[in-house]
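Heads up: the structure comes next, in structure tokens.
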Amino acid sequence: MIATTGSDEAARQPGTNEGWSSRSAFILAAVGSAVGLGNMWRFPAEAGANGGGAFVLFYILCVVLIGLPVLLSETLIGRHGQASAPESVRRMAAESGKSRHWDALASIGVLGAFIVLSFYCVVGGWVLYYVGAFAQDLVTTGLTGGAFQGRPAEEVEALLPGLFGNGGLMVALQVVFLLITLYFVARGVSGGIEFVATWLMPAFFILFLAITVYGAFTGGFAEAVTYLFSFEPERLTGPVMLAAVGQAFFSLSLGVAGMITYGSYVGRDVNLAGTSTIIAGADTAVALIAGLCIFPIVFAAGLEPNAGPALMFQSLPRAFQDMPVGSLIGLLFFVMVFFAALTSSVSLLEAPTAWVKDKFEMSRVAATMCVSAGALLLGALAALSFNTLEAWHPLDGMSLFADMGVFDILDTVTSKVLMPIGAILTSIFVGWIASRRLIDAENGLNGGLHKFWLFLVRWLCPLALTAILLVGIFPSLTD
Ligand code: PFF
């Protein structure tokens with residue numbers, strides 16, 4: 001039976017002791033899921049690669065008009081069902097007198113979360129490598145001068161290719177990152193996931209603000225603001241819009257069952273519209289501030305803003321070379337990114353774990369281990385695609401995946417296929433299939449806002465997302 005009171009008990013999944021201990025714990029965990037490598041690594045890279053202002057402004061529009069309504073839809077499905085993502089959808093469908101097969105939307109999501117987890121841990125491993133490199137540098141050179149003193153810039157930029165050249169080390173770091181994630185997920189919702197979020201997210205925000213303020217005084221701040229917020233309409237091309245929508249999804253953790261799962265641990269007294277707004281607002285603020293944190297440093301060092309994924313791992317360490325106390329700033333920066341990545345990876349592991357636990361009636365620890373073992377194998381293939389498997393392009397026959405190694409295939413299949421499909425089905429399910437009575441009881445909206453949300457979920461989200469999916473799979477449509 002589903003609890004309907006506003007007490008703490010209501011936050012527990014029936015038959016288990018799982019649930020957030022408070023509303024703020026849920027908000028911190030969900031913000032922790034949203035804020036991660038997507039904000040610190042992917043957002044500046046995408047903004048830089050897509051020309052800055054037009055991308056950023058369209059991204060903000062996508063968050064408000066598509067991301068936020070889908071986020072509310074996902075959390076309300078989870079809160080209503082109080083079970084793993086597919087089971088939550090099944091319950092809502094059954095109570096609405098509709099086919100239980102709508103649970104496919106969450107099954108696709110669970111698969112998506114598993115795939116993102118596998119390659120996310122690989123990048124998490126790179127972050128650990130940089131934490132180690134800066135820590136070692138701090139110990140050897142101390143606080144005076146910049147990072148990696150006496151070493152030419154090319155050598156610092158070569159750290160990343162150097163890591164890619166060592167497949168064994170890359171897999172080892174990926175495993176370490178995965179084991180840390182596993183440890184907290186195995187400890188459960190309030191004892192592990194919530195613990196990570198409540199300690200690491202505040203620590204993250206303190207470090208983040210300190211580095212941003214520091215960035216503001218490095219000289220390139222005004223240039224960065226102009227770059228990120230000057231709107232040049234001619235730059236808003238189809239591919240730029242597609243990149244912006246995809247980034248909004250990745251960043252808000254949507255379309256892969258993660259937010260349905262986190263919603264299932266929420267008590268009935270929590271207003272989901274309010275919490276969704278806080279989560280989306282915080283995530284977007286961090287992405288924008290990350291841009292304002294990274295680009296001034298890059299500009300001040302006279303580096304190119306369009307270095308793509310290399311921006312965080314190559315340009316920034318190079319910029320830390322020219323800074324006073326550069327080793328310490330660099331170390332703090334990568335520790336902060338590690339915190340953000342960990343609070344996201346726990347949510348990526350939690351979604352499939354909750355499903356395995358429900359489906360096979362396993363203990364949490366056993367379920368966590370099974371999912372992690374699978375993610376380790378797939379992730380190792382992704383890691384090795386920068387190394388021994390570099391020339392292996394297994395899906396060359398399909399144009400969407402042409403010339404891609406395993407890492408890029410996994411990234412593409414999630415952001416361009418599974419996430420949009422999951423979110424289209426979610427908005428159709430909530431907008432058209434589920435009973436209005438159930439939806440209205442959960443969403444915490446009324447009046448004009450409620451009507452507007454319903455309009456977005458019924459019309460704008462499915463239509464806009466279908467367009468994105470088509471353009472993602474058939475890029476020639478935008479030519
Ligand atoms: N939102 C995370 C980030 O920006 O790094 C990535 C992510 C986490 C995607 C959880 C999906 C998810 F379910």
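In listed order, ligands and their atoms are each counted from 1.
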- Message: Please determine whether side-chain contact (heavy atoms from CB on, under 4.5 Å) holds for the pair Leu425 and Ile421, giving the CA-CA distance in whole Å, both sets of side-chain angles, and the decisive distance to 0.1 Å.
- Response: CA-CA 6 Å; Leu425 293 176; Ile421 290 182; 3.9 Å; yes

- Message: Test ring pair (Phe, Tyr, Trp, His ring centres under 6.0 Å) on Phe386 and Phe164; report intermediate values, then the result.
- Response: CA-CA 6 Å; Phe386 293 94; Phe164 288 176; 4.5 Å; yes

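Listed by number with element, the atoms of ligand 1 under 4.0 Å from a non-hydrogen atom of Leu37 are 5 (O). Those atoms of ligand 1 with a heavy atom of Ser251 less than 4.0 angstrom away are 1 (N), 4 (O). Those atoms of ligand 1 with a heavy atom of Ser33 less than 4.0 angstrom away are 1 (N), 2 (C), 8 (C), 10 (C). Those atoms of ligand 1 with a heavy atom of Gly36 less than 4.0 angstrom away are 3 (C), 4 (O), 5 (O). Of all atoms in ligand 1, numbered sequentially from 1 with element shown, those under 4.0 Å from a heavy atom of Val256 are 11 (C), 12 (C), 13 (F). Using a 4.0 Å cut-off to heavy atoms of Asn39, the atoms of ligand 1 that qualify are 4 (O). In the vicinity of Gly38, heavy-atom distances shorter than 4.0 Å reach the ligand 1 atoms 3 (C), 4 (O), 5 (O). For ligand 1, the atoms sitting less than 4.0 Å from at least one non-hydrogen atom of Ala34 are 1 (N), 2 (C), 3 (C), 4 (O), numbered in the order shown with element in parentheses.
Using a 30° and 60° split on the angle between ring planes, Phe313 and Phe334 fall in the parallel class, below 30°.
Nearest heavy-atom pair, Tyr262 versus Glu350, reported as atom, atom and distance to 0.1 Å: CE1-CG, 4.1 Å. Considering all non-hydrogen atoms of both residues, Asn271 and Gly444 come closest at ND2-O, 3.4 Å. Taking both residues in full, the closest heavy atoms of Leu228 and Leu288 are given as CD1-O, 4.4 Å, listed atom of the first, atom of the second, then distance.
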Which pairs would a plain distance check flag for residues 43-72, meaning a side-chain donor or acceptor within less than 3.5 Å of a matching protein atom at least two apart in sequence or in another chain?
unit_1: Asn50; atom_1: ND2; unit_2: Glu46; atom_2: O; d: 2.8

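Side chain to side chain, Ser88 and Ser264 fail the donor-acceptor criterion of an N or O pair below 3.5 Å.
Residue-ligand proximity: Trp41 is placed with every non-hydrogen atom at 4.0 Å or more from ligand 1. Proximity of Ala113 to ligand 1 is not established, as no heavy-atom distance is less than 4.0 Å.
With a 4.0 Å heavy-atom cut-off, ligand 1 is reached by the backbone of Phe250 and by its side chain too.
Closest to atom 5 (O) of ligand 1 among all protein heavy atoms lies Tyr120 OH, 2.5 Å. For atom 7 (C) of ligand 1, the closest non-hydrogen atom on the protein side is Ser253 OG, 3.7 Å.
Formation of a donor-acceptor pair under 3.5 Å by the Tyr265 side chain with backbone atoms of Ser190 is not found in this model.
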